[in-house]
Amino acid sequence: LGHCLGLDHSFDEYSSSHGPGADDRPGAYGDRFDIMSWALVNSFPTVRFGQAGPTLNTAMRDIAGWLKPERIISGRTGLLKINDIYNPSQPYVLKQDEFYIELRGTRAWDQGSLRPSLQVRIVDDLGGPRHSKRVSVKTIGGLPQYELGVGSSFVVGTPDRRSRQR
């Protein structure tokens with residue numbers, strides 16, 4: 001269905017495809033928290049439909065034009081609260097420069113995930129249509145990683161334009 005709506009696969013930073021033969025572009029199918037990575041996602045069983053989940057990430061929602069401005073926290077620094085994607089009345093994504101930072105939980109379409117985590121993505125258009133790419137983040141005093149624990153401190157932006165988030 002996503003392809004019928006003009007959405008591409010979701011990606012990560014890996015140097016080769018996670019689905020060779022289906023899409024040979026580097027990082028294709030590499031975001032297990034986005035349904036556009038197809039069979040490599042954090043899924044869960046349902047009685048009616050078999051395997052299901054997760055939902056689209058915020059970068060993909062923005063590409064599709066489904067990310068409402070009132071759901072975005074933008075241009076702020078310091079200690080920020082990001083709600084999970086399923087809280088309909090609160091902002092749930094921090095958009096800083098080209099980065100989308102979202103909290104993914106363990107309920108609704110994300111119930112296949114093992115624990116809540118903060119995740120960072122960009123919109124990329126290299127090698128095809130615009131798509132989301134999950135990127136690693138260097139935590140303050142830590143190593144690069146794809147999933148940050150709730151309450152993590154990290155740096156967003158280029159060295160000349162950084163902001164500390166928590």
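Just so it is clear, the model here is predicted, and its values are computed rather than measured.
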To the nearest 0.5 Å, tell me how far [X] [atom1] sits from [Y] [atom2].
X: Gln119; Y: Ser132; atom1: CD; atom2: OG; answer: 10.5 Å
X: Thr106; Y: Asn42; atom1: OG1; atom2: CG; answer: 11.0 Å
X: Gln111; Y: Thr46; atom1: CD; atom2: OG1; answer: 9.0 Å
X: Ser10; Y: Asp124; atom1: OG; atom2: CG; answer: 12.5 Å
X: Asp34; Y: Leu40; atom1: CG; atom2: CG; answer: 12.0 Å

Please name the residue in the list Ile101, Ile85, Ile73, Ile72 that meets the side-chain contact (heavy atoms from CB on, under 4.5 Å) test with Val93.
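Looking at Ile101, Ile85, Ile73, Ile72, the match for Val93 under the side-chain contact (heavy atoms from CB on, under 4.5 Å) is Ile72.
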
Find out whether [X] and [Y] are in side-chain contact, i.e. whether some heavy atom of one side chain is under 4.5 Å from a heavy atom of the other.
X: Tyr100; Y: Met60; result: no
X: Thr58; Y: Trp66; result: no
X: Asn83; Y: Leu103; result: no
X: Pro91; Y: Ile82; result: no
X: Tyr92; Y: Tyr86; result: no
X: Arg32; Y: Ser37; result: no
X: Gln51; Y: Val41; result: no

Closest heavy-atom pair and its distance - [X], [Y]:
X: Gly112; Y: Phe44; value: N-CD2, 3.8 Å
X: Gly27; Y: His18; value: O-CD2, 3.8 Å
X: Val123; Y: Ala59; value: CG2-CB, 4.0 Å
X: Arg25; Y: Pro129; value: NH1-CD, 3.9 Å
X: Arg61; Y: Thr55; value: NH2-OG1, 2.8 Å
X: Pro54; Y: Ile35; value: O-CB, 3.1 Å

Applying a strict under-4.5 Å side-chain criterion to I, L, V, M, F, W and Y, I'd like to know whether Met36 and Trp109 cluster together.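 Same cluster.
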
Kindly work out whether a path of hydrophobic side-chain contacts (I/L/V/M/F/W/Y, heavy atoms less than 4.5 Å apart) joins Val135 to Phe33.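 Cluster IDs for Val135 and Phe33 differ.
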
*For the pair Ser74 and Gln96, evaluate side chain to side chain donor-acceptor pair (under 3.5 Å) and give the outcome as yes or no after the intermediate values.*
CA-CA 6 Å; Ser74 179; Gln96 188 77 25; over 6 Å; no

- prompt: Parallel, tilted or perpendicular: which fits the ring planes of His9 and His3, with parallel below 30° and perpendicular above 60°?
  reply: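 It falls in the perpendicular class, over 60°.
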
Margin query: Could you check whether Tyr29 and Asp23, counting side-chain N and O atoms only, form a donor-acceptor pair closer than 3.5 Å?
Written below: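 Side-chain D/A pair, Asp23 to Tyr29: absent.
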
Note to self: Between Asp31 and Arg134, does any NZ, NE, NH1 or NH2 come within less than 4.0 Å of an OD or OE carboxylate oxygen?
What the structure shows: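 Looking at Asp31 together with Arg134, the answer is yes, because their closest N to O distance falls below 4.0 Å.
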
Among Arg121, Lys95, Arg71, Arg130, which residue meets the salt bridge (Lys or Arg N to Asp or Glu O under 4.0 Å) test with Asp62?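 Running salt bridge (Lys or Arg N to Asp or Glu O under 4.0 Å) over Arg121, Lys95, Arg71, Arg130 with Asp62 returns exactly one hit, Lys95.
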
Would you find a donor on one side and an acceptor on the other, under 3.5 Å apart, between the side chain of Asp97 and the backbone of Phe99?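 Not a single qualifying donor-acceptor pair exists.
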
Near Leu5 CG, under 6.0 Å, is it more than 12 heavy atoms from other residues, nucleotides or ligands?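 Count over threshold, so yes.
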
field: Pairwise salt bridge (charged side-chain N to carboxylate O under 4.0 Å, His left out) hits with a residue in residues 103-116, at least two apart
entry: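 Every pair satisfying salt bridge (charged side-chain N to carboxylate O under 4.0 Å, His left out) with a residue in residues 103-116: Asp84-Arg107, Glu102-Arg104, Arg104-Asp110, Arg115-Glu147.
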
